[in-house]
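First the structure, in the form of C-alpha coordinates, and then the observations on it.
What's counted below: heavy atoms across the whole structure, side chains too, no hydrogens, waters or symmetry copies. Reminder, nothing fancy here: chain letters follow the sequence lines and each chain counts from 1.
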Amino acid sequence: MILHTLNAAPEQGVFQQCLGQLGTTDALLLMGNGVYAALDGSPAATRLLATGATLYVLQDDARAAGVLPRLCPGVKAVDYATFVELTEQFPRQLAWY
Amino acid sequence: MLEPGAFDKEGFLRNLEDWSPEVAGQIASAEGITLEQAHWEVIELLRDYFAEFDSSPAMRPLVKYCAARLGPDKGKSIYLLSLFPGSPAKIGSKIAGLPKPENCL
Amino acid sequence: MSAVKLLLVCRHAPYGNSLARSTLDTALAAGAFDMAPTLLFMAEGVLQLLPEQDPTDVGTRNHRKVLDSLPLYDIDQLYVDGAALAEYGLTDMPLPEGAVVVDGDGMRKLLQAADHLLGF
(Lines give C-alpha, C1' and ligand atoms only; values in the text may rest on other atoms or scores of the structure.)
Protein backbone atom coordinates (compact mmCIF):
# COMPACT_ATOMS: atom_id res chain seq x y z
CA MET A 1 0.00 0.00 0.00
CA ILE A 2 2.32 2.71 -1.27
CA LEU A 3 1.44 5.85 -3.16
CA HIS A 4 4.27 6.39 -5.64
CA THR A 5 4.69 9.72 -7.40
CA LEU A 6 6.73 9.84 -10.58
CA ASN A 7 8.12 13.05 -12.01
CA ALA A 8 10.38 11.93 -14.87
CA ALA A 9 9.90 11.02 -18.53
CA PRO A 10 9.77 7.32 -19.51
CA GLU A 11 13.28 7.50 -21.03
CA GLN A 12 14.75 8.31 -17.62
CA GLY A 13 16.22 5.46 -15.61
CA VAL A 14 14.05 6.36 -12.66
CA PHE A 15 10.97 5.33 -14.66
CA GLN A 16 12.33 1.79 -14.78
CA GLN A 17 13.23 1.91 -11.08
CA CYS A 18 9.72 2.99 -10.17
CA LEU A 19 8.15 0.43 -12.50
CA GLY A 20 10.08 -2.35 -10.82
CA GLN A 21 8.66 -1.46 -7.43
CA LEU A 22 4.97 -1.10 -8.34
CA GLY A 23 2.72 -3.71 -6.76
CA THR A 24 -0.97 -4.44 -7.28
CA THR A 25 -1.93 -2.79 -3.99
CA ASP A 26 0.02 0.35 -4.86
CA ALA A 27 -1.02 3.51 -6.66
CA LEU A 28 1.07 5.65 -8.98
CA LEU A 29 0.48 9.34 -9.59
CA LEU A 30 2.20 10.73 -12.67
CA MET A 31 3.17 14.38 -12.45
CA GLY A 32 5.49 16.85 -14.19
CA ASN A 33 7.39 15.07 -16.94
CA GLY A 34 5.99 11.82 -15.62
CA VAL A 35 2.67 12.52 -17.38
CA TYR A 36 4.09 11.35 -20.74
CA ALA A 37 3.93 7.78 -19.49
CA ALA A 38 0.13 8.14 -19.64
CA LEU A 39 0.03 8.61 -23.46
CA ASP A 40 -2.45 6.13 -24.88
CA GLY A 41 -0.77 3.39 -26.89
CA SER A 42 2.73 4.20 -25.65
CA PRO A 43 4.96 1.34 -24.47
CA ALA A 44 5.34 3.13 -21.13
CA ALA A 45 1.59 3.14 -20.52
CA THR A 46 1.37 -0.53 -21.48
CA ARG A 47 4.08 -1.41 -19.01
CA LEU A 48 2.45 0.60 -16.24
CA LEU A 49 -0.91 -1.09 -16.85
CA ALA A 50 0.77 -4.48 -16.65
CA THR A 51 1.88 -3.82 -13.06
CA GLY A 52 -1.71 -3.91 -11.82
CA ALA A 53 -1.15 -0.73 -9.82
CA THR A 54 -3.86 1.94 -9.77
CA LEU A 55 -2.76 4.73 -12.10
CA TYR A 56 -3.40 8.45 -11.78
CA VAL A 57 -2.13 11.50 -13.61
CA LEU A 58 -2.15 15.04 -12.28
CA GLN A 59 -4.72 16.76 -14.50
CA ASP A 60 -3.11 20.21 -14.64
CA ASP A 61 0.25 18.78 -15.66
CA ALA A 62 -1.29 16.41 -18.21
CA ARG A 63 -3.29 19.25 -19.74
CA ALA A 64 -0.25 21.52 -19.90
CA ALA A 65 1.75 18.81 -21.67
CA GLY A 66 -0.99 18.08 -24.21
CA VAL A 67 -1.36 14.58 -22.84
CA LEU A 68 -4.92 14.93 -21.54
CA PRO A 69 -6.66 14.44 -24.95
CA ARG A 70 -4.52 11.34 -25.54
CA LEU A 71 -4.85 9.86 -22.09
CA CYS A 72 -4.60 6.10 -21.73
CA PRO A 73 -8.05 4.87 -20.54
CA GLY A 74 -6.50 2.98 -17.64
CA VAL A 75 -5.15 6.20 -16.12
CA LYS A 76 -7.41 8.51 -14.15
CA ALA A 77 -6.85 12.27 -14.28
CA VAL A 78 -7.10 13.86 -10.83
CA ASP A 79 -6.87 17.37 -9.42
CA TYR A 80 -4.72 18.53 -6.50
CA ALA A 81 -7.51 17.97 -3.99
CA THR A 82 -7.68 14.32 -5.03
CA PHE A 83 -3.88 14.13 -4.79
CA VAL A 84 -4.17 15.25 -1.18
CA GLU A 85 -6.91 12.66 -0.56
CA LEU A 86 -4.66 9.97 -1.99
CA THR A 87 -1.86 10.92 0.37
CA GLU A 88 -4.36 10.50 3.20
CA GLN A 89 -5.56 7.11 1.96
CA PHE A 90 -2.11 5.63 1.57
CA PRO A 91 -0.04 5.15 4.72
CA ARG A 92 3.22 5.52 2.82
CA GLN A 93 4.37 7.61 -0.07
CA LEU A 94 7.53 7.48 -2.17
CA ALA A 95 8.64 10.14 -4.63
CA TRP A 96 10.49 9.16 -7.80
CA TYR A 97 12.17 12.04 -9.64
CA MET B 1 50.53 31.05 19.43
CA LEU B 2 47.96 31.60 16.70
CA GLU B 3 46.36 34.99 16.23
CA PRO B 4 42.67 35.32 17.26
CA GLY B 5 41.76 35.57 13.57
CA ALA B 6 42.75 31.93 13.11
CA PHE B 7 39.63 30.88 15.03
CA ASP B 8 35.93 31.29 14.31
CA LYS B 9 33.65 32.98 16.81
CA GLU B 10 33.16 29.70 18.69
CA GLY B 11 36.89 29.08 18.89
CA PHE B 12 37.16 26.38 16.21
CA LEU B 13 40.13 26.53 13.87
CA ARG B 14 39.31 28.07 10.51
CA ASN B 15 42.09 26.12 8.76
CA LEU B 16 42.48 22.61 10.02
CA GLU B 17 46.11 22.61 8.76
CA ASP B 18 46.95 25.19 11.44
CA TRP B 19 46.65 22.56 14.14
CA SER B 20 49.65 21.43 16.18
CA PRO B 21 50.01 20.10 19.72
CA GLU B 22 50.94 23.64 20.79
CA VAL B 23 47.76 25.00 19.22
CA ALA B 24 45.82 22.31 21.07
CA GLY B 25 47.28 23.64 24.31
CA GLN B 26 46.28 27.16 23.34
CA ILE B 27 42.67 26.15 22.58
CA ALA B 28 42.48 24.05 25.76
CA SER B 29 43.63 26.87 28.02
CA ALA B 30 41.02 29.13 26.45
CA GLU B 31 38.53 26.46 27.57
CA GLY B 32 40.07 26.35 31.05
CA ILE B 33 41.52 22.88 30.51
CA THR B 34 45.10 21.82 31.23
CA LEU B 35 46.00 18.98 28.90
CA GLU B 36 47.32 15.83 30.52
CA GLN B 37 48.04 12.36 29.22
CA ALA B 38 44.41 11.29 29.47
CA HIS B 39 43.35 14.28 27.35
CA TRP B 40 45.96 13.56 24.71
CA GLU B 41 44.75 9.99 24.42
CA VAL B 42 41.27 11.25 23.48
CA ILE B 43 42.63 14.03 21.25
CA GLU B 44 44.58 11.48 19.21
CA LEU B 45 41.53 9.28 19.08
CA LEU B 46 39.43 12.19 17.79
CA ARG B 47 41.97 12.88 15.07
CA ASP B 48 41.93 9.19 14.12
CA TYR B 49 38.14 9.34 13.98
CA PHE B 50 38.29 12.32 11.63
CA ALA B 51 40.81 10.59 9.36
CA GLU B 52 38.65 7.48 9.24
CA PHE B 53 35.19 9.02 8.88
CA ASP B 54 35.84 12.54 7.50
CA SER B 55 33.59 14.04 10.18
CA SER B 56 33.65 15.02 13.84
CA PRO B 57 31.70 12.67 16.09
CA ALA B 58 28.59 13.48 18.08
CA MET B 59 28.59 12.25 21.66
CA ARG B 60 27.16 8.78 21.07
CA PRO B 61 29.63 7.70 18.39
CA LEU B 62 32.50 9.24 20.36
CA VAL B 63 31.61 7.13 23.38
CA LYS B 64 31.36 3.99 21.22
CA TYR B 65 34.62 4.73 19.45
CA CYS B 66 36.38 5.27 22.80
CA ALA B 67 34.98 2.02 24.12
CA ALA B 68 36.23 0.15 21.07
CA ARG B 69 39.68 1.76 21.06
CA LEU B 70 40.45 2.53 24.72
CA GLY B 71 38.38 -0.10 26.52
CA PRO B 72 35.05 -0.06 28.37
CA ASP B 73 36.31 2.01 31.32
CA LYS B 74 37.07 4.96 29.07
CA GLY B 75 34.16 4.42 26.70
CA LYS B 76 31.78 6.18 29.05
CA SER B 77 30.15 9.60 28.94
CA ILE B 78 31.13 10.26 32.53
CA TYR B 79 34.79 9.66 31.79
CA LEU B 80 34.77 11.99 28.78
CA LEU B 81 32.82 14.60 30.73
CA SER B 82 35.51 14.52 33.42
CA LEU B 83 38.13 15.40 30.78
CA PHE B 84 36.12 17.85 28.71
CA PRO B 85 33.36 19.19 30.96
CA GLY B 86 30.12 20.33 29.39
CA SER B 87 30.20 18.94 25.89
CA PRO B 88 33.04 16.46 25.31
CA ALA B 89 32.37 15.90 21.60
CA LYS B 90 32.31 19.61 20.86
CA ILE B 91 35.14 20.76 23.13
CA GLY B 92 37.27 17.72 22.36
CA SER B 93 36.86 18.29 18.62
CA LYS B 94 37.76 21.94 19.07
CA ILE B 95 40.98 21.12 20.90
CA ALA B 96 41.80 18.34 18.43
CA GLY B 97 41.58 20.87 15.60
CA LEU B 98 38.51 19.33 13.96
CA PRO B 99 35.41 21.06 12.60
CA LYS B 100 32.49 21.56 14.93
CA PRO B 101 30.46 18.34 15.12
CA GLU B 102 27.25 18.56 13.13
CA ASN B 103 24.07 16.81 14.10
CA CYS B 104 24.66 17.47 17.80
CA LEU B 105 20.96 17.18 18.43
CA MET C 1 13.54 -7.03 7.60
CA SER C 2 10.22 -7.03 9.45
CA ALA C 3 10.49 -4.07 11.82
CA VAL C 4 11.70 -1.34 9.49
CA LYS C 5 10.24 1.88 10.82
CA LEU C 6 11.91 4.42 8.58
CA LEU C 7 13.42 3.48 5.24
CA LEU C 8 15.61 5.96 3.38
CA VAL C 9 15.79 5.10 -0.31
CA CYS C 10 19.07 6.44 -1.72
CA ARG C 11 18.88 6.59 -5.50
CA HIS C 12 21.47 9.21 -6.51
CA ALA C 13 25.26 9.36 -6.83
CA PRO C 14 26.98 11.30 -4.02
CA TYR C 15 28.36 14.52 -5.49
CA GLY C 16 26.19 15.62 -8.43
CA ASN C 17 23.64 17.19 -6.12
CA SER C 18 23.03 17.53 -2.39
CA LEU C 19 20.63 14.59 -2.05
CA ALA C 20 23.17 12.17 -0.62
CA ARG C 21 24.22 14.76 1.95
CA SER C 22 20.59 15.31 2.87
CA THR C 23 20.21 11.57 3.34
CA LEU C 24 23.03 11.58 5.89
CA ASP C 25 21.58 14.59 7.70
CA THR C 26 18.20 12.88 7.82
CA ALA C 27 19.69 9.58 8.97
CA LEU C 28 21.69 11.19 11.78
CA ALA C 29 18.80 13.39 12.88
CA ALA C 30 16.42 10.40 12.94
CA GLY C 31 19.05 8.37 14.80
CA ALA C 32 19.43 11.10 17.41
CA PHE C 33 15.73 10.70 18.15
CA ASP C 34 16.05 6.92 18.52
CA MET C 35 14.44 6.29 15.13
CA ALA C 36 17.50 4.67 13.60
CA PRO C 37 16.58 4.37 9.92
CA THR C 38 17.26 1.59 7.47
CA LEU C 39 19.05 2.63 4.27
CA LEU C 40 18.48 1.14 0.83
CA PHE C 41 21.03 2.01 -1.86
CA MET C 42 19.25 1.56 -5.15
CA ALA C 43 20.20 2.05 -8.81
CA GLU C 44 22.67 4.97 -9.12
CA GLY C 45 22.63 5.20 -5.31
CA VAL C 46 25.06 2.26 -5.06
CA LEU C 47 27.72 4.68 -6.34
CA GLN C 48 27.60 6.32 -2.90
CA LEU C 49 29.39 3.20 -1.65
CA LEU C 50 32.47 3.39 -3.91
CA PRO C 51 35.39 2.97 -1.49
CA GLU C 52 38.02 5.14 -3.19
CA GLN C 53 36.24 8.50 -3.09
CA ASP C 54 38.37 11.62 -2.68
CA PRO C 55 36.23 14.75 -2.87
CA THR C 56 38.94 17.04 -1.46
CA ASP C 57 39.01 19.16 -4.60
CA VAL C 58 35.25 19.59 -4.76
CA GLY C 59 35.25 20.86 -1.19
CA THR C 60 32.93 18.38 0.43
CA ARG C 61 33.18 15.47 2.81
CA ASN C 62 34.04 11.94 1.74
CA HIS C 63 30.61 10.40 1.51
CA ARG C 64 31.71 6.79 1.89
CA LYS C 65 33.77 7.64 4.97
CA VAL C 66 30.84 9.34 6.63
CA LEU C 67 28.61 6.39 5.71
CA ASP C 68 31.13 4.12 7.41
CA SER C 69 30.56 6.01 10.67
CA LEU C 70 26.81 5.26 10.72
CA PRO C 71 27.14 2.08 12.84
CA LEU C 72 28.60 4.25 15.61
CA TYR C 73 25.30 6.15 15.48
CA ASP C 74 23.47 2.79 15.80
CA ILE C 75 22.46 2.98 12.15
CA ASP C 76 23.53 -0.42 10.89
CA GLN C 77 20.73 -1.69 8.66
CA LEU C 78 22.00 -1.19 5.12
CA TYR C 79 20.66 -2.84 1.97
CA VAL C 80 22.21 -2.65 -1.49
CA ASP C 81 20.65 -3.17 -4.95
CA GLY C 82 22.50 -6.21 -6.31
CA ALA C 83 21.45 -5.64 -9.93
CA ALA C 84 22.81 -2.09 -9.82
CA LEU C 85 26.12 -3.35 -8.40
CA ALA C 86 26.39 -5.72 -11.36
CA GLU C 87 25.43 -2.99 -13.83
CA TYR C 88 28.31 -0.81 -12.63
CA GLY C 89 30.77 -3.71 -12.38
CA LEU C 90 31.01 -3.33 -8.63
CA THR C 91 29.98 -6.77 -7.38
CA ASP C 92 33.38 -7.32 -5.73
CA MET C 93 33.55 -3.89 -4.10
CA PRO C 94 33.91 -3.91 -0.29
CA LEU C 95 30.55 -2.88 1.13
CA PRO C 96 30.04 -1.25 4.53
CA GLU C 97 30.06 -3.75 7.36
CA GLY C 98 26.84 -5.69 7.62
CA ALA C 99 25.37 -4.39 4.36
CA VAL C 100 23.00 -6.88 2.75
CA VAL C 101 22.72 -7.26 -1.04
CA VAL C 102 19.11 -7.63 -2.22
CA ASP C 103 17.42 -8.33 -5.55
CA GLY C 104 14.35 -6.61 -7.01
CA ASP C 105 12.00 -8.77 -4.96
CA GLY C 106 13.97 -8.06 -1.79
CA MET C 107 13.69 -4.32 -2.45
CA ARG C 108 9.94 -4.60 -2.96
CA LYS C 109 9.63 -6.43 0.36
CA LEU C 110 11.70 -3.74 2.10
CA LEU C 111 9.52 -0.94 0.74
CA GLN C 112 6.31 -2.72 1.65
CA ALA C 113 7.55 -3.55 5.17
CA ALA C 114 8.55 0.00 6.09
CA ASP C 115 6.31 2.22 8.20
CA HIS C 116 7.67 5.36 6.54
CA LEU C 117 9.51 5.95 3.29
CA LEU C 118 11.72 8.81 2.24
CA GLY C 119 13.22 8.93 -1.23
CA PHE C 120 16.47 10.77 -1.94
Side-chain angles (χ1 to χ4, degrees), chain A residues 1-37 43-44 46-58 61 78 80 83-97, chain C residues 1-14 16-23 26-27 30 35 37-48 79-90 101-120:
Chain A
M1 280 285 283
I2 299 173
L3 173 63
H4 303 262
T5 59
L6 175 64
N7 186 345
E11 302 79 50
Q12 303 292 316
V14 64
F15 176 83
Q16 187 62 40
Q17 295 166 30
C18 174
L19 192 73
Q21 297 304 322
L22 287 177
T24 51
T25 60
D26 294 347
L28 170 68
L29 176 73
L30 301 165
M31 57 202 297
N33 282 347
V35 301
Y36 297 107
T46 307
R47 292 165 77 195
L48 287 179
L49 287 169
T51 65
T54 312
L55 305 176
Y56 301 95
V57 66
L58 201 56
D61 291 358
V78 295
Y80 275 100
F83 181 11
V84 174
E85 281 169 23
L86 286 171
T87 64
E88 288 170 349
Q89 282 170 27
F90 284 82
R92 286 157 290 157
Q93 190 180 334
L94 188 55
W96 304 88
Y97 48 89
Chain C
M1 204 181 269
S2 55
V4 176
K5 290 195 170 66
L6 173 60
L7 180 68
L8 308 184
V9 184
C10 313
R11 294 189 299 101
H12 291 85
N17 52 48
S18 61
L19 284 164
R21 260 314 290 276
S22 301
T23 312
T26 306
M35 284 182 54
T38 298
L39 275 70
L40 168 62
F41 296 91
M42 179 178 182
E44 188 191 301
V46 302
L47 300 174
Q48 295 184 23
Y79 293 88
V80 187
D81 178 349
L85 286 177
E87 189 178 329
Y88 289 105
L90 298 173
V101 176
V102 287
D103 60 11
D105 196 45
M107 290 196 288
R108 261 188 300 280
K109 285 186 178 136
L110 263 180
L111 293 189
Q112 298 290 344
D115 289 342
H116 302 282
L117 298 168
L118 287 173
F120 292 92

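- Using a 4.5 Å cut-off between heavy atoms, Leu7(C) makes no contact with chain A at all.
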Name every donor-acceptor pair, under 3.5 Å, that has one atom in a side chain of residues 90-97 of chain A and the other anywhere in the protein, sequence neighbours excluded.
from     : atom 1 : to        : atom 2 : distance (Å)
Arg92(A) : NE     : Ala114(C) : O      : 3.4
Arg92(A) : NH1    : Leu111(C) : O      : 3.0
Arg92(A) : NH1    : Gln112(C) : O      : 2.7
Arg92(A) : NH1    : Ala114(C) : O      : 3.3
Trp96(A) : NE1    : His4(A)   : ND1    : 3.0
Tyr97(A) : OH     : Gly119(C) : O      : 3.2

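- If you measure heavy-atom distances from Asp115(C) to chain A, the contacts under 4.5 Å come from the backbone alone.
- Applying a 4.5 Å heavy-atom cutoff, the residues of residues 8-16 of chain A that approach chain C are Val14(A).
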